[in-house]
2 protein chains.
Amino acid sequence: MNGKMLRPTSFDVAERAGVSQSTVSRALRNSPGVNAETRARVSAAARELGYVVDRHASSLRLKSSETIALVTICRPGEDRSAINPFYFALLGSIAAATSARGFNLLVSFQENPDNFRADFVASGLADAMIVIGTTSNRPAWDYFAQAQASGLDFVCWGSPGSPFHWMRSENDIGGQLAAEHFVRDGRRRIAFVGPQQSPQRQFDERRDGFSAALAAHGLTAIVAEPPAAADRHAQGVAAVQALLEAHPDTDAIFAASDMLALGVLQGLKDAGRRVPEDIALIGFDGIRAGTLADPALTTLEPDLDAAGEALVAMALEDDERTRSGTRIPVHLVVRGST
Amino acid sequence: MNGKMLRPTSFDVAERAGVSQSTVSRALRNSPGVNAETRARVSAAARELGYVVDRHASSLRLKSSETIALVTICRPGEDRSAINPFYFALLGSIAAATSARGFNLLVSFQENPDNFRADFVASGLADAMIVIGTTSNRPAWDYFAQAQASGLDFVCWGSPGSPFHWMRSENDIGGQLAAEHFVRDGRRRIAFVGPQQSPQRQFDERRDGFSAALAAHGLTAIVAEPPAAADRHAQGVAAVQALLEAHPDTDAIFAASDMLALGVLQGLKDAGRRVPEDIALIGFDGIRAGTLADPALTTLEPDLDAAGEALVAMALEDDERTRSGTRIPVHLVVRGST
DNA sequence: CTGAAAGCGCTTACAG
DNA sequence: CTGAAAGCGCTTACAG
């Protein structure tokens with residue numbers, strides 16, 4: 001256990017297999033033009049010695065690390081367990097897509113200027129970078145905007161700013177699905193709760209798709225901007241109070257995200273409104289906590305597997321032209337809140 | 001943008017600064033014995049060229065990658081967004097501890113034999129490995145047990161098996177705190193809901209601390225084993241039915257984890273029992289979803305920051321003797337469910 | 001099909 | 001305080 005044996009190198013394997021080191025390398029990489037019998041002998045020797053290729057030496061030679069760097073922007077001072085679970089789920093799906101390609105995933109949570117870092121590709125640690133997380137951390141996104149301006153490239157989820165390569169949900173369709181669901185259900189006093197000034201264009205798209213679909217039915221969405229608060233949940237709670245004061249007869253609410261919707265749900269309970277009897281509620285994101293709520297939250301769920309795969313593919317893709325505009329499909333999951 | 005410039009090397013910096021390449025390396029690593037003026041000139045040249053040290057070359061030379069590998073074991077076939085949020089929170093705190101040391105974090109979610117992998121340290125990709133996640137995936141833990149037997153070392157959270165270096169919460173104290181809280185509240189028909197045959201020794205410790213504290217008050221815990229189900233939440237729902245059938249006058253439940261407790265909460269609502277009026281409920285883990293439940297869940301919350309830091313420290317520590325037995329403090333967070 | 005050799009970009013004894 | 005040189009462990013032209 002102690003006195004740990006030195007890690008064997010390809011030379012050790014070569015000696016054991018009775019071939020040259022170059023042949024070991026070729027055999028283990030499945031290069032063409034290696035005698036089958038030789039290859040087998042090399043594999044056996046490698047196995048016996050517990051040999052594993054040194055990834056640093058390999059990456060240095062190949063100039064490729066087969067790893068993706070994933071940066072998650074957090075709210076400053078935010079507790080790790082308070083990170084919007086949607087981003088954890090997205091992280092999970094990115095990890096799946098990464099590992100399906102045999103790539104590694106390097107993750108980094110960033111919140112303060114002291115730990116801002118965008119040099120994963122520049123240092124060779126990763127072949128490409130993906131950035132996700134809250135749009136509310138302006139300094140972080142400014143930092144990444146500047147990194148991009150100086151040549152560091154990456155793709156991101158949502159729309160934290162203008163110059164980035166992005167990927168988003170089909171937000172307009174999601175909004176439309178929510179609107180049509182409400183209308184079919186006979187709701188008439190329908191509100192949208194979501195940030196209006198956020199750099200997160202996705203919220204606007206959801207609202208616009210929602211409003212347009214309502215308009216097609218001769219209805220106008222009440223747009224309620226949540227007040228500033230510690231996080232989306234708290235914003236949702238606060239938004240309801242203001243909304244019900246101004247529009248006490250509201251009978252349906254579409255919230256721009258699930259965390260917001262869960263706050264809205266809490267606020268509605270606090271106000272003594274029954275969901276869905278008095279007010280129906282739809283969120284957006286499909287986070288797990290929505291299924292645990294009471295009533296469980298009806299929501300628009302993006303296809304996260306597709307999102308992870310598309311983000312990784314996009315990040316690895318060199319062709320500039322294919323690096324913008326991708327949309328991830330969403331579908332309505334009807335649960336108890338409508 | 002296209003025609004991407006070759007990455008500059010330390011030789012480029014050397015030329016620009018008018019010094020040798022070795023001096024560049026020394027200056028940038030803050031090695032002692034470099035003239036301050038020279039160091040400044042090198043730094044300036046590096047900045048101007050956008051030079052970043054190649055981590056593969058550096059790691060190859062240094063034989064250290066300054067990165068930690070974190071493996072999260074998942075339930076086979078489990079959706080990424082269904083991973084117990086406790087492990088995501090733990091991942092976040094490990095990331096924080098890692099980055100505080102200037103280390104990188106490589107993450108890997110593993111569930112099936114096709115993607116089992118434990119060679120992160122052997123390949124030089126990481127200096128140490130941490131393994132967390134569900135204990136219910138037996139083949140995965142068998143795989144890691146075997147990896148350890150053949151010399152790959154790592155530390156893990158909980159107690160997925162015998163031969164591992166582990167770190168756990170102060171489970172017995174947690175159980176005791178739960179018991180005392182119930183007793184102080186006047187509860188008398190008190191149950192523990194948790195797996196009895198799980199390799200996760202933490203559940204047993206929670207139960208035993210709980211039972212012992214109740215016994216000190218002349219009370220005996222009703223122990224209810226949840227039936228098999230898709231996940232902990234579903235197990236919790238199912239456990240309540242059986243429990244209330246056998247013990248309809250139960251007035252308090254301590255669940256071995258928050259996900260279980262949230263399922264129990266759902267089951268209690270389904271059964272028409274009010275929480276906390278009829279039955280008080282305490283969970284364990286302090287996951288975010290507990291704060292979103294209605295009523296919010298009283299729980300035992302481990303100090304996750306401490307857990308992340310301790311896991312990283314333990315993983316990096318070479319001394320065998322300091323690699324077992326560490327305990328993470330927990331405290332009772334009282335919310336609406338009690 | 002296989003081997004000898006160069007070189008990826010660093011770090012650090014070894015000289016001066 | 002600084003430079004020339006060796007070497008970390010690979011991959012792959014280049015010869016044979």
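Keep in mind that what you see is a predicted model, and the values were worked out from it rather than measured. Quick note on labels: first sequence line is chain A, next is B, and so on, each numbered from 1.
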In whole Å, what separates the C1' atom of D:dT12 from that of D:dG16?
-> 16 Å

Test ring pair (Phe, Tyr, Trp, His ring centres under 6.0 Å), reference B:Phe154, set B:Phe120, B:Tyr143, B:Phe144, B:Trp166, output is B:Phe144

Outermost nucleotides of DNA chain D that come under 4.0 Å of a non-hydrogen atom of chain B | D:dC1 to D:dG9

Does the gap between the ring centers of A:Phe164 and A:Trp141 come in under 6.0 Å?
-> yes

Sorted by number, residues from residues 57-69 of chain B placing a heavy atom under 4.0 Å from DNA chain D are B:Leu60, B:Arg61, B:Lys63

Reckon A:Thr38 touches a base, only the sugar-phosphate, or nothing at all at heavy-atom distances under 4.0 Å?
-> sugar-phosphate

Greater than 12 external heavy atoms within 6.0 Å of B:Glu15's CD | no

Contact summary for B:Asn115 and A:Ser99, nearest pair of heavy atoms | ND2-OG, 4.5 Å

Reckon A:Thr9 touches a base, only the sugar-phosphate, or nothing at all at heavy-atom distances under 4.0 Å?
-> sugar-phosphate

In residues 10-24 of chain B, which ones come under 4.0 Å of DNA chain C, going by heavy atoms?
-> B:Ser10, B:Gln21, B:Ser22

Which heavy atom of A:Ile130 sits nearest a heavy atom of A:Ile68, and at what distance?
-> CD1-CG2, 3.9 Å

At under 4.0 Å between heavy atoms, what does A:Arg26 touch on the DNA or RNA strands: base, sugar-phosphate, or nothing?
-> base

Quick one: are B:Ser169 and B:Trp157 in side-chain contact, heavy atoms under 4.5 Å?
-> yes

Establish, from distance only, whether the side-chain atoms of B:Ser65 and B:Asp127 form a donor-acceptor pair under 3.5 Å.
-> yes

For A:Glu309, all residues meeting salt bridge (Lys or Arg N to Asp or Glu O under 4.0 Å), sequence neighbours excluded = A:Arg101

Distance-only donor-acceptor hits, side chain of residues 22-32 of chain B, under 3.5 Å, sequence neighbours excluded:
| from | atom 1 | to | atom 2 | distance (Å) |
| --- | --- | --- | --- | --- |
| B:Ser22 | OG | B:Ser20 | OG | 3.4 |
| B:Thr23 | OG1 | B:Ser20 | OG | 3.2 |
| B:Asn30 | OD1 | B:Arg39 | NH1 | 3.4 |

What distance separates A:Thr9 OG1 from A:Asp54 CG, expressed to the nearest 0.5 Å?
-> 9.5 Å

Give the stems involving DNA chain D, where a stem is 3 or more consecutive Watson-Crick or G-U wobble pairs (i with j, i+1 with j-1, and so on) under 3.5 Å.
-> C:1-3 with D:14-16, C:5-12 with D:5-12, C:14-16 with D:1-3

Might you confirm whether atom CD of B:Glu48 has over 12 heavy atoms from other residues, nucleotides or ligands at distances under 6.0 Å?
-> yes

Hey, is CD on B:Gln21 packed in by over 12 heavy atoms from elsewhere, all under 6.0 Å?
-> yes

Are the side chains of A:Thr98 and A:Asn104 in touch, meaning some heavy atoms are under 4.5 Å apart?
-> no

